[in-house]
**Q** 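A single structure is presented below for examination.
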2 protein chains.
Amino acid sequence: MSTKDRILEAALRQFNELGTDQTTLRSLAEELGISHGNLCYHFKNTDALIEALYDCLIAEIEEQVIQSQHPDNELEEMVLQAETTFRLLYKYRFLLLDLVRITRRIESIRQKFRAVMQLRRLQFHVTFGHLVRRGLMREEWVPGLHDRLITNLLVLGDNWIPNAEIHFDEKGESVIRYYFEAFKAGLTPYLTEQGMEAFR
Amino acid sequence: MSTKDRILEAALRQFNELGTDQTTLRSLAEELGISHGNLCYHFKNTDALIEALYDCLIAEIEEQVIQSQHPDNELEEMVLQAETTFRLLYKYRFLLLDLVRITRRIESIRQKFRAVMQLRRLQFHVTFGHLVRRGLMREEWVPGLHDRLITNLLVLGDNWIPNAEIHFDEKGESVIRYYFEAFKAGLTPYLTEQGMEAFR
DNA sequence: TTGTTTTTAGAACAAGTGTTCTAAAATATT
DNA sequence: AATATTTTAGAACACTTGTTCTAAAAACAA
């Protein structure tokens, strides 16, 4: 394993456990048993590490999108994709724990993130349209209702990790499940009877 | 106006605009036209300022709870209280923009915040119980559904501000309205026909 | 007025951080 | 084997931050 990869691995661990502000080039160098001068040679500063790890996350998400294709069952597809995304976000949870400061400081990440989110909103709209046409989802009984639902789902998707950090002492799988259940629960009232059956 | 109050006022502004990490005793002293030694005399460090401002927020929220009492219309009461809370949180938005780091660093705030949130969850449950009995809200058609709805509402309530910071360029009233609409939309599918009418 | 307390300014200090630089060591290339 | 390139260690630097300290100024009390 290359030094660069070892650094990224250790950085992900320290970012997740200590936060981006308590992780320094020196603390990383110490954990890795190398000099911080050397670390500086590979990554100029912690922001460079954050950017590199963010690109890793994006790469993993795109990989997931390419792999899973269930064009026959859009509801299952959507739920499964959401679950995988939940797990991926948890792997890189330091990003969401500190997203405001990171996007304030690193303009490139801010732009990429906004683009991803607009795309996800669009995808939800498209999927909802399909689901309505197939009778799995109720039509909007108030104009703009679906868009507000999507806002709710996206806010939950982006912020369940900070929320868990503050309110839970546990970590890992149980937390993921807890919030993913909430995510699904947010969806159910908008489904038809038929949709509810397909949901289970 | 006492120096202490002037400091708190300036701190709130800088925290909201620059973030808690870019605001320093020196930057505050400069804005106020006093020495940072003097500032240190009143507040030992920025954490002391954060704690003081957090106590201000709590005080304002409690004041609001005491004032508004509509025991005749619980639905209106709940929505109005939520709106006022949305506005108060926006006034002290720096707290929510940086909640993870703040609660990690300042244990007392973490504990107070968790207590407040448990209380709010309980209040929602009580109110939902009343609304169901009055026929304004549908009964849970899946066990635990209300609790997951509350999780969704609380996550939105705590995180719409960080979300707005990342995704919106606008600030102020329009942002508050946008997310408060999403909050109300999250509630509507759980209401009965009668509840929907009372809602408008 | 006189003495006491509170408030203020400004210097000085310590600790931590990213950054740069130099030279040695390791590795790769010819 | 000789040379060039990449990688590494460690020192040195500049900068920021909170913190402490001293003494002057202001406000207040007797």
Side-chain angles (χ1 to χ4, degrees), chain A residues 1-55 94-95 97-98 100-110, chain B residues 1-55 94-95 97-98 100-110:
Chain A
M1 191 185 235
S2 73
T3 307
K4 223 164 179 136
D5 290 338
R6 284 182 58 228
I7 294 173
L8 284 173
E9 202 183 59
L12 180 59
R13 187 167 51 247
Q14 282 206 15
F15 282 150
N16 280 339
E17 282 173 20
L18 309 177
T20 52
D21 51 338
Q22 294 300 315
T23 302
T24 66
L25 294 183
R26 281 175 174 79
S27 72
L28 274 173
E30 195 184 9
E31 174 177 332
L32 288 163
I34 63 175
S35 68
H36 73 274
N38 185 15
L39 218 169
C40 239
Y41 168 76
H42 291 286
F43 296 96
K44 199 159 190 174
N45 48 38
T46 45
D47 280 359
L49 279 165
I50 292 172
E51 280 201 66
L53 286 171
Y54 182 81
D55 289 338
F94 80 93
L95 281 168
L97 286 173
D98 216 9
V100 172
R101 265 197 330 148
I102 289 174
T103 54
R104 272 184 173 175
R105 210 172 47 223
I106 310 176
E107 181 60 25
S108 63
I109 288 189
R110 178 183 155 103
Chain B
M1 189 186 240
S2 74
T3 308
K4 224 166 178 133
D5 290 338
R6 285 182 58 230
I7 293 172
L8 283 173
E9 202 183 58
L12 181 59
R13 186 167 51 247
Q14 281 207 14
F15 282 152
N16 280 339
E17 282 173 20
L18 309 177
T20 51
D21 52 338
Q22 294 300 314
T23 302
T24 66
L25 294 183
R26 281 174 173 81
S27 72
L28 275 172
E30 194 184 9
E31 174 177 332
L32 288 162
I34 64 175
S35 68
H36 73 274
N38 185 16
L39 218 168
C40 240
Y41 169 77
H42 291 286
F43 296 94
K44 200 160 188 172
N45 47 39
T46 46
D47 280 0
L49 279 164
I50 291 173
E51 279 201 67
L53 286 170
Y54 182 81
D55 290 338
F94 80 93
L95 281 168
L97 286 174
D98 218 7
V100 172
R101 265 196 331 147
I102 289 173
T103 54
R104 273 183 172 175
R105 210 172 47 223
I106 310 174
E107 180 59 25
S108 64
I109 289 189
R110 179 184 154 101

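Letters go in sequence order (proteins before strands), and every chain restarts at 1.
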**Q** Could you list the residues that satisfy salt bridge (Lys or Arg N to Asp or Glu O under 4.0 Å) with B:R105, not counting sequence neighbours?
**A** B:D47
**Q** Please enumerate all residues that pass salt bridge (Lys or Arg N to Asp or Glu O under 4.0 Å) together with A:R6, with sequence neighbours excluded.
**A** none
**Q** Between C:dG18 atom P and A:L39 atom CG, what is the distance in whole Å?
**A** 10 Å
**Q** Between D:dA26 atom C1' and B:I34 atom CD1, what is the distance in whole Å?
**A** 15 Å
**Q** If you compare every side-chain N and O of A:Y41 against the phosphate oxygens of D:dT7 (OP1, OP2), does one of them come in below 4.0 Å?
**A** yes
**Q** Mind calculating the distance between CD (A:Q14) and C1' (C:dT17) to the nearest angstrom?
**A** 15 Å
**Q** Which residues pass the side chain to side chain contact (heavy atoms under 4.5 Å, CB included) test with B:E51, sequence neighbours left out?
**A** B:I106, B:S108, B:I109
**Q** Does A:R104 have any salt bridge (Lys or Arg N to Asp or Glu O under 4.0 Å) partners at least two apart in sequence or in another chain, and if so, which?
**A** B:E165
**Q** Which pairs, with at least one residue in residues 35-46 of chain A and sequence neighbours excluded, count as a side chain to side chain donor-acceptor pair (under 3.5 Å)?
**A** A:R26-A:H36
**Q** Check the distance between C:dA26's P and A:H42's NE2 and give it to me in whole angstrom.
**A** 15 Å
**Q** Return the polar atom pairs (N/O with N/O) between nucleotides 17-21 of chain D and the protein under 3.5 Å, or none.
**A**
| unit_1 | atom_1 | unit_2 | atom_2 | d |
| --- | --- | --- | --- | --- |
| D:dG18 | OP2 | B:L25 | N | 3.3 |
| D:dG18 | N7 | B:R26 | NH1 | 2.8 |
| D:dG18 | O6 | B:R26 | NH2 | 3.0 |
| D:dT19 | OP1 | B:N45 | ND2 | 3.3 |
| D:dT19 | OP2 | B:K44 | O | 3.0 |
| D:dT19 | OP2 | B:N45 | ND2 | 3.0 |
| D:dT19 | O4 | B:H36 | NE2 | 3.2 |

**Q** Could you state the atom-to-atom distance from CE of B:M1 to P of C:dT7 in whole Å?
**A** 17 Å
**Q** Give the rounded distance in Å between these two atoms: CG of B:L32 and P of C:dA9.
**A** 10 Å
**Q** Any idea which of C:dT7, D:dT8, C:dG10 is nearest the B:N38 side chain?
**A** C:dT7
**Q** Does A:T3 place a side-chain N or O at less than 4.0 Å from the phosphate oxygens OP1/OP2 of D:dT8?
**A** yes
**Q** If you compare all heavy atoms of A:T103 against all heavy atoms of A:V100, which two are closest, and at what distance to 0.1 Å?
**A** OG1-O, 3.0 Å
